[in-house]
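Owing to the predicted nature of the structure, the values given are computational and were not obtained by experimental measurement.
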Amino acid sequence: MNFATQAIHAGQGADPSTGATVIPIHPSTTFTQRAIGEHQGFEYSRTGNPTRAALESCLAALEGAKHGVAFASGSAAGAAVLSQLRPGDHLIAGEDLYGGTYRQLERLYRPLGVETTYVDLRHTDDLGAAFTPRTRLLWLETPTNPLLQLADIAALAAEAEARGVPVVVDNTFATPYLQQPLRLGATLVVHSTTKYIGGHSDVVGGAVLTNSDAWAEKLRFYQNAAGAVPSPFDAWLTLRGVKTLALRMARHCDNALRLAHFLAAHPAVAAVYYPGLPSHPQHALALRQMPQGRGGMLSFVPRGGVAAAERFIARTRIISFAESLGGVESLLCHPATMTHAAIPAEERARRGISDALLRLSVGIEDAEDLQAEIAAALEEG
Ligand SMILES: *Cc1c(COP(=O)(O)O)cnc(C)c1O
């Protein structure tokens with residue numbers, strides 16, 4: 001089955017007891033057993049639930065994975081992976097990292113004796129020096145937030161594999177429609193399904209996908225033991241969303257590319273960050289690693305600095321000024337005060353995150369409407 005078909009059918013055959021074509025929401029916390037040790041695969045809903053199992057199978061199929069393990073949020077999914085680290089262990093992470101992941105590494109794990117080295121993963125050459133004999137994971141995102149920088153998954157995975165270090169890719173921005181890290185050598189994929197996979201800004205969730213039986217066993221143990229599982233309703237809503245992932249992503253990419261070109265040519269715009277623009281320094285890698293499209297996220301800096309950014313924010317109507325991303329509706333965010341406020345100003349400046357930078361999660365509205373609104377919001381005066 002190809003991607004668009006899997007998104008609709010994987011893990012979601014007709015319900016054997018009723019023929020229901022759409023997977024039912026199974027709120028039951030418990031499952032009646034026929035005799036001692038005789039059940040139909042489910043005993044207690046924290047441990048396993050049929051609606052959640054359907055979501056896990058579907059997401060695994062989309063990433064080309066053998067195993068899928070769903071969690072109550074993307075943060076809980078990430079924590080499940082990090083829970084495998086022990087005091088003295090070392091981890092290498094991309095420098096441009098989701099703020100919540102950085103917070104877990106620094107505030108939850110560093111105090112427990114798990115140390116992280118941050119590396120600019122645009123340059124594979126910088127990686128080698130960061131490995132230590134205690135390095136247990138390489139954690140990366142591509143494209144990154146908010147500067148849409150890329151990491152070459154295959155090249156980094158080859159380097160890490162040579163040292164026996166598994167690679168984790170947070171694939172939230174790209175989604176498996178655009179990029180399938182396990183096929184490029186990663187061992188684990190982490191998702192915040194809250195974003196593109198759910199796709200409608202109405203359900204928080206996460207998942208880890210892997211082909212490794214050993215990792216799957218540890219993750220399932222942790223899922224049951226720590227208990228941060230999605231509710232059956234949330235699992236169902238996420239499945240409902242993922243069915244249209246292929247359609248949505250194609251439209252997100254088309255709209256984002258069009259707006260990126262429009263912004264790049266606009267005299268009131270100082271810089272545009274979008275991997276689909278030929279001017280992006282890693283455009284060639286983007287074409288190779290994300291063959292179906294370059295994603296729905298872009299960032300830009302208006303020429304008039306923070307005042308112009310403020311004016312832009314005040315003028316948009318269709319585009320909501322809000323955190324999060326990946327929904328059908330366009331969302332605008334100011335990283336310096338929202339997603340990246342926890343990073344000190346000098347560090348933001350060092351990384352090239354201007355205080356005037358605006359991040360746009362381009363929705364699937366009519367592109368002409370979005371462009372007209374952006375044009376009006378960029379007008380001087
Ligand atoms: C949102 C996000 C997360 C965290 O997911 P939650 O569902 O909000 O817990 C992790 N990584 C990336 C890249 C994200 O955008």
Report summary line: Those residues at least two apart in sequence (or on a different chain) that pass side-chain contact (heavy atoms from CB on, under 4.5 Å) with Asn2 are none
Query raised in the report: Tell me the salt bridge (Lys or Arg N to Asp or Glu O under 4.0 Å) pairs involving residues 186-198, sequence neighbours left out?
Result: none
Query - Contacts of type side-chain contact (heavy atoms from CB on, under 4.5 Å), residue Pro146, not counting sequence neighbours - result: Asp96, Ser299, Pro335, His340, Ile353, Leu357, Arg359
Report task. Any pair with a residue in residues 128-137 that passes side chain to side chain donor-acceptor pair (under 3.5 Å), sequence neighbours left out, goes on the list, sorted by first then second residue, please. Result -> Asp89-Arg134, Asp89-Arg136, His90-Thr135, Thr132-Thr135
Query - Leu108: hydrophobic cluster co-members (side-chain, 4.5 Å) - result: Val69, Phe71, Val81, Leu82, Leu85, Leu91, Leu97, Tyr102, Leu105, Tyr109, Leu112, Val114, Tyr118, Leu137, Trp139, Val168, Leu188, Val190, Val208, Trp215, Leu219, Tyr222
Requested in this report: Identify, with sequence neighbours excluded, every residue that meets side chain to side chain donor-acceptor pair (under 3.5 Å) alongside Thr187.
Outcome: none
Query raised in the report: What pairs meet the side chain to side chain donor-acceptor pair (under 3.5 Å) rule with one or both residues in residues 367-381, with sequence neighbours excluded?
Result: Arg258-Gln371
Report summary line: So salt bridge (Lys or Arg N to Asp or Glu O under 4.0 Å) across residues 259-287, not counting sequence neighbours, yields none
Report task. If a pair satisfies side chain to side chain donor-acceptor pair (under 3.5 Å) and one of its residues is in residues 60-79, list it, with sequence neighbours excluded. Result -> Glu63-Asn171, Glu63-His191, Lys66-Asp213, His67-Asp213
Query raised in the report: Cluster partners of Val167, using ILVMFWY side-chain heavy atoms under 4.5 angstrom, listed by chain and number?
Result: Ile92, Val119, Leu121, Leu127, Phe131, Leu138, Leu140, Ile153, Leu156, Val165, Val169, Leu184
Query raised in the report: Which other residues belong to the hydrophobic cluster containing Met338, where Ile, Leu, Val, Met, Phe, Trp and Tyr are joined when side-chain heavy atoms lie under 4.5 Å apart, directly or via other members?
Result: Leu257, Leu259, Phe262, Leu263, Val269, Val272, Tyr274, Leu277, Leu298, Phe300, Phe312, Ile313, Ile318, Ile319, Phe321, Leu332, Leu358, Leu360, Val362, Leu370, Ile374, Leu378
**Report entry** Any pair counted as salt bridge (Lys or Arg N to Asp or Glu O under 4.0 Å), so long as it reaches residues 273-288, sequence neighbours left out
**Finding:** Asp152-Arg288
